[in-house]
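Right, one structure below, let's go through it.
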Amino acid sequence: MKFLKLLIISLLVIPSFAFAAEKDVLSGKEFTSVKYPSIMIGFRNGGVYGYALVNTYMGMYEIKGNNKINLSYMASTKMEGTMKQNDGEYEYFDYLKKAKTYSYDSATGKLVIGQMEFKQKK
């Protein structure tokens, strides 16, 4: 009987560890770009949103093992800005499109997505 209880418990507990989702340390946090302080990116329950230099944007994100991030289904408004703003937005969206990794330091609030650095909003 004792063996049967241990077997049942192990059959219930062990698979839950095997299929546990990656811990989402970004959800509920917002960040600003170090290079372009008016750029904001936020994360909430698998959704990513923000404000680039002129346009707002939204999409989905997924955290994977070994600091991997997948940003997908990105959409943005299409308002025109100055040439400098448009170039900055293009650069920013290009970074997001190419980003495959991220790092986040909760002590300093520093986030790096691909090659772009952010600081956490207070």
Side-chain angles (χ1 to χ4, degrees):
M1 188 62 151
K2 214 177 207 184
F3 176 75
L4 182 60
K5 284 182 183 178
L6 283 174
L7 179 64
I8 292 172
I9 290 172
S10 65
L11 289 174
L12 293 174
V13 173
I14 292 173
S16 68
F17 288 115
F19 296 108
E22 295 292 325
K23 183 171 181 186
D24 185 354
V25 297
L26 300 179
S27 189
K29 295 177 177 65
E30 293 182 339
F31 303 86
T32 55
S33 168
V34 171
K35 184 172 184 176
Y36 300 106
S38 61
I39 289 179
M40 188 276 291
I41 188 168
F43 302 89
R44 185 175 304 126
N45 301 327
V48 60
Y49 60 92
Y51 179 77
L53 295 170
V54 177
N55 294 289
T56 59
Y57 64 94
M58 68 217 79
M60 304 296 291
Y61 76 99
E62 182 181 14
I63 301 293
K64 298 181 177 185
N66 296 326
N67 291 342
K68 303 282 187 213
I69 190 166
N70 183 28
L71 299 161
S72 59
Y73 304 111
M74 300 299 280
S76 72
T77 57
K78 299 289 184 189
M79 296 180 356
E80 274 294 314
T82 66
M83 182 72 88
K84 186 176 180 179
Q85 289 172 322
N86 292 340
D87 289 346
E89 276 196 0
Y90 177 78
E91 178 186 4
Y92 176 63
F93 288 134
D94 193 47
Y95 278 127
L96 290 183
K97 184 173 104 177
K98 293 178 180 175
K100 302 292 180 219
T101 61
Y102 82 99
S103 64
Y104 172 63
D105 183 343
S106 60
T108 63
K110 180 180 172 182
L111 170 68
V112 178
I113 300 176
Q115 300 174 0
M116 189 161 253
E117 192 173 316
F118 299 85
K119 61 182 178 180
Q120 190 168 344
K121 290 176 76 174
K122 303 289 180 199

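From a predicted model like this one, the values you see are computed outputs, not experimental measurements.
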Do I39 and Y90 share a hydrophobic cluster, counting only Ile, Leu, Val, Met, Phe, Trp and Tyr and linking them when any side-chain heavy atoms are less than 4.5 Å apart?
->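 I39 and Y90: separate clusters.
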
Does any non-hydrogen side-chain atom of [Y] lie less than 4.5 Å from one of [X]?
X: I69; Y: T101; answer: no
X: F43; Y: D24; answer: no
X: K97; Y: M74; answer: no
X: Y92; Y: L53; answer: no

Considering all heavy atoms of both residues, which atom of [X] and which atom of [Y] are nearest to each other, and what is their separation?
X: F93; Y: A52; value: CZ-CB, 3.8 Å
X: S76; Y: Y57; value: CB-CB, 3.8 Å
X: E80; Y: N86; value: OE1-ND2, 3.1 Å
X: L71; Y: A99; value: CD1-CB, 4.5 Å
X: Y102; Y: I63; value: OH-CG2, 3.5 Å
X: G81; Y: Q85; value: CA-OE1, 3.3 Å

Atom NZ of K110 with >12 non-hydrogen neighbours under 6.0 angstrom |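 For K110, atom NZ is not crowded (no more than 12 foreign heavy atoms under 6.0 Å).
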
From [X] [atom1] over to [Y] [atom2], what is the distance, rounded to the nearest 0.5 angstrom?
X: L111; Y: L26; atom1: CG; atom2: CG; answer: 6.0 Å
X: I41; Y: T32; atom1: CD1; atom2: OG1; answer: 11.0 Å
X: S27; Y: Y61; atom1: OG; atom2: OH; answer: 4.0 Å

Can Y49 and E30 be counted as having a side-chain donor-acceptor contact under 3.5 angstrom?
->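 Side chains of Y49 and E30: pair found under 3.5 Å.
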
Does the S33 side chain pair with the main chain of K35, one donor and one acceptor, at a distance under 3.5 Å?
->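 Such a contact is found between S33 side chain and K35 backbone.
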
Table please: side-chain donor-acceptor pairs of residues 112-122 below 3.5 Å, with sequence neighbours left out.
| from | atom 1 | to | atom 2 | distance (Å) |
| --- | --- | --- | --- | --- |
| Q120 | OE1 | Y104 | OH | 2.7 |

